[in-house]
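Notes to accompany the following structure.
Within every chain, numbering begins at 1; the chains are lettered A, B, ... in the order of the sequence lines, protein sequences first and strands thereafter. Bear in mind the structure is a predicted one, so any value in this text is a computation, not a measurement.
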Amino acid sequence: MDVSRLIDPLNSAQRAAVCAPAGDVLVLAGAGSGKTRVLVHRIAWLIQVEGISPYGILAVTFTNKAAGEMRGRIEQLLGIPSHSMWVGTFHGIAHRLLRAHCREAGLPEGFQILDSDDQYRAVRRVMREIGLDESQWPPRQVQWYINARKDEGLRPEHLEDKGDIHLKHMIEVYRRYDALCRRSGLVDFAELLLRAHELWLQRSDVLAHYRQRFQHILVDEFQDTNGIQYAWLRLLAGQGTVEKTTLEDGPARRQHLFVVGDDDQSIYGWRGARVENIQQFPRDFPGTLTLRLEQNYRSTGNILAAANALIAHNSERLGKQLWTEGGDGEPIHLYAAFNELDEAHFVTDQIRLWVEQGGQRRECAILYRSNAQSRVFEDALIHAGMPYRVYGGLRFFERAEIKDALAYLRLLANRHDDAAFERVVNTPTRGVGERTLAAVREYARHHDVALWQAADAVIEEKSLAARAINALHGFTALIETMDADSRGLTLFDRVEHTVQVSGLIAHFGKDRSEKGRTRLENLEELTNAARQFVHDFEAATTLDSGPDVDGTASTSLDPLSEFLAHAALEAGETQGGAWEDCVQLMTLHSAKGLEFRQVFICGVEEGLFPHRRSAEEPGRLEEERRLCYVGMTRAMEKLTLAYAEVRRLHGEENYTQPSRFISELPSEHIEEVRLRGSVAQPMSSAYPGRTRTTGACGETAPDGLQLGQRVAHEKFGEGVVLGYEGQGRHARVHVNFEDAGSKWLVVEYARLTPL
DNA sequence: GCGGAGACCCTTTTT
DNA sequence: GGGTCTCCGC
């Protein structure tokens, strides 16, 4: 076997990690230091050199994307299918465990997963049932509260209100929501983790089994783990109280944890991630070998030096200095825009130059703090005729029409699924009104049964108007018929049948607009997804049927439930595979883990970045700084920071201050493309009185334009020059367009044609 | 039951 | 400014 293939491509620090002796290892891996490579090579090392069976390895990530990438690279490196190995997200693995041990975990066999939207609706429903004022207890906040408690491993019975009326009601909602989930056989994302943890705690036999099996546990992005994830890992890795009674006599652990993370890239504290876990790790696992990967293979010297200097302003760090063998590269560019439009024009123009010089659009990323900022860039890019792709937003399985179809499928799989029942009982409309539903809900609550049973009972009792009873019965009968008629069909046929018979196709088909057509296409795409899924699923299970030692963990579930779980756990890509060469637009958060030759970080202003809601608290400010660090270290060659002096946000125009992060960057790595205030002088001083800029025909504006002159613009059409501001390339003109209204445009980018 | 008008909110997001 | 949600009128 060829060990050199595993070792040769590594630097000495990477090699130390990959070849580390048995024991616990913490790898502090800086941005661009080859973190995934180390994980993948470590796995290969364990299998090929240490002779560990792939069945004894568990690799955990946070996103499906990361898991998929790891799988791909393992297969590439080892030339073996990775299906025999457990590689997945925390949630995916928890789900797999719970499927295999649903009885031990106290879950019904056909339990289904609730996504955040479903959860939100369920929480709201509970709140309405007990008549909680939604203005005082916003359902989002209550939902957030519940998830935060679950992430801490806390059930309602562990919580005390301590006389706080506000808390008291939230705990009450939590309690009722939990009851609803139990009754309906539903499990939300946080619940997956919590249940998996409770499974370890309560079933020492199950835990012992997996401790025996998984002696090598690898974790990616360890800085993002929350309380429950780390607790779960600790138990599995043999650290905890349970094993004394079950597995081992002495303190000797046979499990090895290999965790990789970067405290400087911890940007998810606000959703419960605990950087502290990374600091705590060596204390929890004495004898941990801590290694640092500091050589960066991504960015130029200037970018790294600036990023290092920025992050040095944080106090709570484990400490790391990135360095590169590469050259300094260009300095970081800093652009002071007049406003957000100018900022967008500037960026678009830079990308145009980049492309003219032979670069590709997909190598350029526009990063921003909040999604609301994307619109201006989209406008500018459309205007410039430049294809782009925005990350984030609704994903395939989150679309309304898809969720409707899935809700029907969920009811086929499990009649007790109240969330699904609520969603489609009257979609498409079939005359089940609010009054009827209220009666059903009331019955369900009173008798503590699922809505489905309540509906049956209400129909039986005939306590409502005949029309209502008929409508309700129409629904339950429809589901029963759909189930009976499609039972035994393949998943693909079943999905197709459901989409048709449910009336969803007819319903959305009535909408002749573009929107309606897209919805039909999406429903069609859902059946395709089902077909594809069966294909992949079969491939996976065939390969997986190898010597699975335990016999318990091979998940043999019906394809429908498996498909539904897949839909919830992997909500799909945001946008279909637009393989065109596109400029990449995304938030700084979603840029983590990616790299681009050219990066623009925009809106680097106080209040926006750092966000005003994070600026006061030191801890949150440090997280913002880490976010900036993450953004900067995405850039390979060229990094530009931009801010606007005036920004229109939420319809208000605001004068801004450059972000404090800018002043934290050493000036020797920075080149200012335009100095703040160097061109845009206050109108009052440059031109006494506003009248001067809004009239006086015949005066010469920059670029040979005349006040009062008619001009044409590619996008805005024709208009009249009303005024101007500043001189030179960055001067702006005020044009009143016939159709588009009045606009301030930067002459250089506006490309106005005199008429 | 649907569509329009008005109120309301507004950081980041994966599972 | 804009997207979402609710309410009200047809």
Can you tabulate the close N/O pairs, meaning under 3.5 Å, that link protein atoms to atoms of nucleotides 6-10 of chain C?
residue: C/dT6; atom: OP1; partner: A/R124; partner atom: NH1; Å: 3.4
residue: C/dT6; atom: OP1; partner: A/R128; partner atom: NH2; Å: 2.9

Would you measure the distance from the [atom1] atom in [N] across to the matching atom in [M] and give it in whole Å?
{"N": "B/dT14", "M": "C/dG3", "atom1": "C1'", "answer": "22 Å"}
{"N": "C/dT6", "M": "B/dT11", "atom1": "C1'", "answer": "25 Å"}
{"N": "C/dC5", "M": "B/dT12", "atom1": "C1'", "answer": "23 Å"}

*Pick base, sugar-phosphate or nothing for A/D188, based on heavy-atom distances below 4.0 Å to the nucleic acid.*
nothing

*Salt bridge between A/D151 and A/R271, side-chain N to carboxylate O under 4.0 Å?*
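So A/D151 does not pair with A/R271 through a salt bridge.
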
_Does this structure show an ion pair linking A/R375 with A/E378, if we count only N-O contacts that are shorter than 4.0 Å?_
no

*Do A/W232 side-chain atoms and A/L193 backbone N/O form a donor-acceptor pair below 3.5 Å?*
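Not a single qualifying donor-acceptor pair exists.
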
Quick check: any donor-acceptor pair below 3.5 Å linking the side-chain of [X] to the base of [N]?
{"X": "A/S590", "N": "B/dT13", "answer": "no"}
{"X": "A/R395", "N": "B/dT14", "answer": "no"}
{"X": "A/R369", "N": "B/dT12", "answer": "yes"}

*Anything under 30° is parallel, anything over 60° is perpendicular, the rest tilted; go ahead and classify A/Y210 against A/F214.*
parallel

*Determine the interplanar angle of the A/Y268 and A/H589 rings, folded into 0 to 90°, and report it as parallel if under 30°, tilted if 30 to 60°, perpendicular if over 60°.*
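Aromatic pair A/Y268/A/H589 classed tilted.
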
*Could A/R149 and A/Y145 be counted as a cation-pi pair, given that NZ or CZ must be under 6.0 Å from the ring centre and within 45° of the axis?*
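So A/R149 does make the cation-pi contact.
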
May I have the distance from [X] (atom [atom1]) to [N] (atom [atom2]), rounded to whole angstrom?
{"X": "A/L367", "N": "B/dT13", "atom1": "CG", "atom2": "P", "result": "12 Å"}
{"X": "A/Q112", "N": "B/dT15", "atom1": "CD", "atom2": "C1'", "result": "16 Å"}
{"X": "A/R399", "N": "C/dT4", "atom1": "CZ", "atom2": "P", "result": "13 Å"}
{"X": "A/Y629", "N": "B/dT12", "atom1": "OH", "atom2": "P", "result": "24 Å"}
{"X": "A/K403", "N": "B/dT15", "atom1": "NZ", "atom2": "C1'", "result": "12 Å"}
{"X": "A/E340", "N": "C/dG1", "atom1": "CD", "atom2": "P", "result": "11 Å"}
{"X": "A/F609", "N": "B/dT12", "atom1": "CZ", "atom2": "P", "result": "13 Å"}
{"X": "A/L192", "N": "B/dT14", "atom1": "CG", "atom2": "C1'", "result": "13 Å"}

Closest nucleotide among [options] to the [X] side chain:
{"X": "A/R271", "options": "B/dT11, B/dT13, C/dG1", "answer": "B/dT13"}
{"X": "A/T429", "options": "B/dG1, B/dT13, B/dT11", "answer": "B/dG1"}
{"X": "A/E624", "options": "B/dT15, C/dG1, B/dT11", "answer": "B/dT11"}
{"X": "A/H507", "options": "B/dT12, B/dC2, C/dG1", "answer": "B/dC2"}

Below 4.0 angstrom from OP1 or OP2 of [N], is there any side-chain N or O of [X]?
{"X": "A/R612", "N": "B/dT11", "value": "no"}
{"X": "A/N426", "N": "B/dG1", "value": "yes"}
{"X": "A/S116", "N": "B/dT14", "value": "no"}
{"X": "A/N371", "N": "B/dT11", "value": "no"}

_Aromatic contact between A/F609 and A/Y643, with the criterion being ring centroids under 6.0 Å apart: yes or no?_
no

*asked:* Counting only heavy atoms not in A/W144 (residues, nucleotides, ligands), do more than 12 fall under 6.0 Å from its CH2?
replied: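 At most 12 heavy atoms, drawn from other residues, nucleotides or ligands, come within 6.0 Å of this atom.
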
*Mark this stacking check for A/H589 against B/dT12 as yes or no, applying ring centres under 5.5 Å and ring planes under 30°.*
no

_With the criterion set at under 5.5 Å between ring centres and under 30 degrees between planes, would B/dT15 be stacked on A/F90?_
no

*Answer yes if the side chains of A/N147 and A/Q119 hold a donor-acceptor pair under 3.5 Å, and no otherwise.*
yes

*Can B/dT12 be described as syn, meaning its chi torsion is within 90° of 0, or is it anti?*
anti

